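One structure is given below, encoded as structure tokens.
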Amino acid sequence: MLLGFTNLLPAVLFVFLAVDKMKKPVVSMHWFRKGLRLHDNPALLAAVQQENVTKMYPVFIIDGDSYQLKHCTALRANFMVECLQDLDQNLRKLGSRLYVGSGDPTEVLPKLWKEWGVTHLTFEEDETGEPYAKQRDEQVLEQAKECGIEIKGFASETIHPLKKYAENAGGSVPNTMGSFQALFGKMGNVPKPMGPPKKFPPADGVDSKTMLPPKRPTDLPWPRNIPREEVRPLWGAKDCENLTPIVRGGEALALKQLKKTVEDRPNYVATFEKPKTSCVATKQMSTTGLSPYMSWGCISPRQLWYAITESSNRSSVSSKSKPPVSLHGQALWRDFNHLMAHDANKEVPGSWGGIEGNKYCRPVPWDDDPEMFAAWKECRTGYPWIDACMKQLQQEGWIHHLGRHAVACFLTRGDLWQSWEKGAVHFESHLLDADYALNGFNWLWLSCSGFFYQYFRCYSPIAFQKKNDPTGAYIRKYIPELRALPAKYIYEPWTAPANVQSNAGVIIGRDYPKPIVDHATESKENMNKMKTAYDVYKERQKQNGNKRSAGTEPAKSPAKKKQKSQR
DNA sequence: TTGGGAGTTGTTCAA
DNA sequence: GTTGAACAACTCCCA
């Protein structure tokens, strides 16, 4: 009996192993949303390294309703198209490919799971709580659970996961950069970035002609149930031709740019101070130009962190720049901003990015003047420096950070007294590097609605650039009608005598607008309005027991209605 | 509890 | 060209 059992053992073991293997043939799907890269992508790596994986499908669903696409310009959509093409090419080099679907992920994905027999799903988590992504993910994950699919999400959009920052902060999330830096110091070493997967499990249809990445922005779907003209500016056929982005999309170009601007320039990196970089460069960017890649996740934040560290270590300069102005500081700002978005949305879901319910936003009684807003976004404020920045945004999808400061200040507390929410939506649609967390943070900051409160420090649309670019080369590039004006008048063309205007071929008021407001008058008046708004807020806070209250109903300011300049 | 110091990136003017 | 003070006075942090 015993002998008989011993003889049977190998056979039993074989059957057991075979059944076990048969029981768990893994078909994994990696769902790309952002994080459009192969390197340092823990979710992708997990999909590839899954035990018993027989097939693996890398998928991207083009979703017209997503934060990235809903309001976007053709220029911005084009960047995404380039990212997807690059991702597909890189996957093909490793024996896989990208499957691109189109439509509502909650409808498209379940069909694909069924068709392909998917058993495991991986993705990069959206920790900021961006409203559309949140509801989409909740629904998709619920559907996946119902289908018996094993789900794994990974937080890799920031240097450390946002939940970890919040945990380590012990209930009180830092809301100043200084305190965030202190928290970052307590987080331990930054984990080393992982390399790309070396090999991919097979996927069906590598050579098939279905589900290929789009070739041009016009191939992209429109948002569902929303009239086109309401959501996407500049989407005529003409707008989609001859695009002039300041950078092109894709992980390959991202890593090339990282090498060119960070890895190969140790002294530049070691001495980098953001406020000292030029915002009027007309030939080569004074900053790294990596932000569009960061917003789509073409470069991992940890890859960036170590590239900066290693490059700086190779520099021989004795005095190196430090956060918050250094390049490491820029990476920290990014995490800090994401943490703030995460925290605001934790308290009131979806409140970040707007005034209503946003715990970090002070209510300010902004005006709502469509004409003022239109002049700002259509580059016709009559202030050449402001209009030139807005023109660069329109043409290239990018402005230097200080240029963004100038135009954001001008629209809100500086001159036009329009709500920052409108400006934020406009930036979201035009910027190649639009990022939910960063965009919200910077608009709060510049409008003095949150994080920055020194409203008496106000950018002048004239003086600020005069000192950096006394010849006005930047203005001449983006506002060609002013090209021939003497430097003396380039920042204030309305002050040029009639014969000077005539000689330069531009008549102010006919060929280029007169200033929409008088900066000296408006900025002073607006400072008083800010003071009133702050006083009202303080009073309310007292009544609420000094608790940080969400910005709901703006206090009515007694200030008189803005009058347009008659000059 | 309170007061001093710091806060990524303001402007203007005088010396 | 550079530097520093005045402008009028914000919030948050920390001792």
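Residue numbers start from 1 in every chain, and the chains themselves are labelled A, B, ... in the order their sequence lines are given, proteins ahead of strands. Fair warning: this is a prediction, and the values are worked out from it, not measured in the lab. Computed from heavy atoms alone, side chains included, the values below leave out hydrogens, waters and symmetry copies.
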Query raised in the report: Taking atom P in both C/dC7 and B/dG7, what distance in whole Å separates the two?
Result: 24 Å
Report task. Considering just the side-chain nitrogens and oxygens of A/Lys531, establish if one lies under 4.0 Å of OP1 or OP2 belonging to C/dC10. Result -> yes
Query raised in the report: Who pairs with A/Trp398 by ring-ring contact (aromatic ring centres under 6.0 Å, His included), at least two apart in sequence or on another chain?
Result: none
**Report entry** side chain to side chain contact (heavy atoms under 4.5 Å, CB included) partners for A/Pro161, two or more places apart
**Finding:** A/Glu127, A/Ala155, A/Lys164, A/Arg302
Report summary line: Within residues 464-478 of chain A, the residues having a heavy atom closer than 4.0 Å to DNA chain B are A/Phe464, A/Lys467
Query raised in the report: Among side-chain atoms of A/Ser295 and A/Asp433, is any donor-acceptor pair under 3.5 angstrom?
Result: no
**Report entry** First encountered from the 5' end of DNA chain C, between A/Arg457 and A/Tyr534
**Finding:** A/Arg457
Report task. State which residues pass ring-ring contact (aromatic ring centres under 6.0 Å, His included) with A/Phe154; sequence neighbours excluded, sorted by chain then number. Result -> none
Report summary line: Taking Watson-Crick and G-U wobble contacts under 3.5 angstrom, with | marking pairs to another strand and [ ] crossing pairs, the secondary structure of DNA chain B is written .||||||..||||||
**Report entry** Given DNA chain C, 5'-ward residue of the pair A/Ala182 and A/Asp535, judged by closest heavy atom
**Finding:** A/Asp535
Query raised in the report: For A/His426, which residues count as a ring-ring contact (aromatic ring centres under 6.0 Å, His included) partner, sequence neighbours excluded?
Result: A/Trp376, A/His430
Query raised in the report: Who passes side chain to side chain donor-acceptor pair (under 3.5 Å) against A/Glu310, sequence neighbours left out?
Result: none
Report summary line: Residues at least two apart in sequence or cross-chain that pass side chain to side chain donor-acceptor pair (under 3.5 Å) with A/Tyr491, listed by chain then number, are none
Query raised in the report: Counting side-chain heavy atoms from C-beta on, which of B/dT9, C/dC13, B/dT11 comes nearest to A/Ala463?
Result: B/dT11
Requested in this report: Pull out every residue in residues 325-343 of chain A that has a heavy atom closer than 4.0 Å to any atom of DNA chain B, ordered by number, or say none.
Outcome: A/Val325, A/Gln330, A/Trp333
Requested in this report: Identify, with sequence neighbours excluded, every residue that meets ring-ring contact (aromatic ring centres under 6.0 Å, His included) alongside A/Tyr165.
Outcome: A/His160, A/Phe180
Query - Whole-Å distance separating the CG atom of A/Asn526 from the P atom of C/dA9 - result: 15 Å
Report task. Have a look at A/Met177 and say if it touches a base, only the backbone sugar-phosphate, or nothing, with a 4.0 Å heavy-atom cut-off. Result -> sugar-phosphate
**Report entry** For atom CE of A/Met530 and atom P of B/dG10, their distance in whole Å
**Finding:** 16 Å
Query raised in the report: Checking all strands, does A/Phe452 fall into the base, sugar-phosphate, or nothing category for heavy-atom contacts under 4.0 angstrom?
Result: nothing
Report task. For the side chain of A/Asn175, starting at C-beta, report the closest nucleotide among B/dT9, C/dT11, C/dC13. Result -> C/dC13
Query raised in the report: Between C/dC12, B/dG10, B/dT8, which one does the side chain of A/Tyr459 approach most closely?
Result: B/dG10
Query - P gap between C/dA9 and B/dA6, integer Å - result: 22 Å
**Report entry** Atom P, compared across B/dT8 and C/dA8: separation rounded to whole Å
**Finding:** 25 Å
Query raised in the report: Given A/Phe441 and A/Tyr360, is the ring-ring contact (aromatic ring centres under 6.0 Å, His included) satisfied, shown in steps?
Result: CA-CA 9 Å; A/Phe441 183 93; A/Tyr360 292 113; 8.9 Å; no
Report task. Would you indicate which nucleotide in C/dA9, B/dG7, B/dT9 comes nearest to any side-chain atom of A/Tyr455? Result -> C/dA9
Requested in this report: Starting at atom CE of A/Met527, determine the distance to atom P of C/dC10, rounded to an integer number of angstrom.
Outcome: 13 Å
Requested in this report: State which of B/dT11, B/dT8, C/dA9 makes the closest approach to the side chain of A/Ser460.
Outcome: B/dT11
Report task. Please determine, for the side chain of A/Trp445, which listed nucleotide (C/dT11, C/dC13, B/dT9) has the closest atom? Result -> B/dT9
Report task. Using whole Å, report how far CG of A/Leu446 lies from C1' of B/dT8. Result -> 12 Å
**Report entry** d(NZ, A/Lys524; P, B/dT12) in whole Å
**Finding:** 11 Å
Requested in this report: Verify the contact: side-chain N or O of A/Arg362 to OP1 or OP2 of C/dT11, cut-off strictly under 4.0 Å; return yes or no.
Outcome: yes
Report task. Send over the distance from A/Glu492 CD to B/dT11 C1', rounded to a whole Å. Result -> 14 Å
Report summary line: Rounded to whole Å, the CG-P distance (A/Leu402 to B/dT9) equals 10 Å
Report summary line: Hits for side chain to side chain donor-acceptor pair (under 3.5 Å) against A/Thr277, two or more places apart or cross-chain, chain-then-number order -> A/His400
Query raised in the report: Given A/Arg334 and A/Leu438, is the side chain to side chain contact (heavy atoms under 4.5 Å, CB included) satisfied, shown in steps?
Result: CA-CA 7 Å; A/Arg334 186 174 175 278; A/Leu438 273 59; 4.0 Å; yes
Report summary line: note: A/Tyr453, atom OH; C/dA8, atom P; distance rounded to Å ~ 24 Å
**Report entry** Residue A/Phe456, side-chain atoms from C-beta onward, closest of C/dC13, C/dA9, C/dT11
**Finding:** C/dA9
For a quick test of your reading: what N or O donor-acceptor pairs under 3.5 Å do the side chains of residues 480-488 of chain A make, sequence neighbours left out?
residue, atom, partner, partner atom, Å
A/Arg483, NE, A/Arg476, O, 3.4

Report task. Compare every heavy atom of A/Cys361 with every heavy atom of A/Trp420, then report the nearest pair and how far apart it is. Result -> NE1-SG, 3.8 Å
**Report entry** Check: A/Asn442/A/His405 side-chain N/O donor and acceptor closer than 3.5 Å
**Finding:** no
Query raised in the report: Rounding to the closest angstrom, what is the interatomic distance between C/dA5 and B/dG5 at atom P?
Result: 15 Å
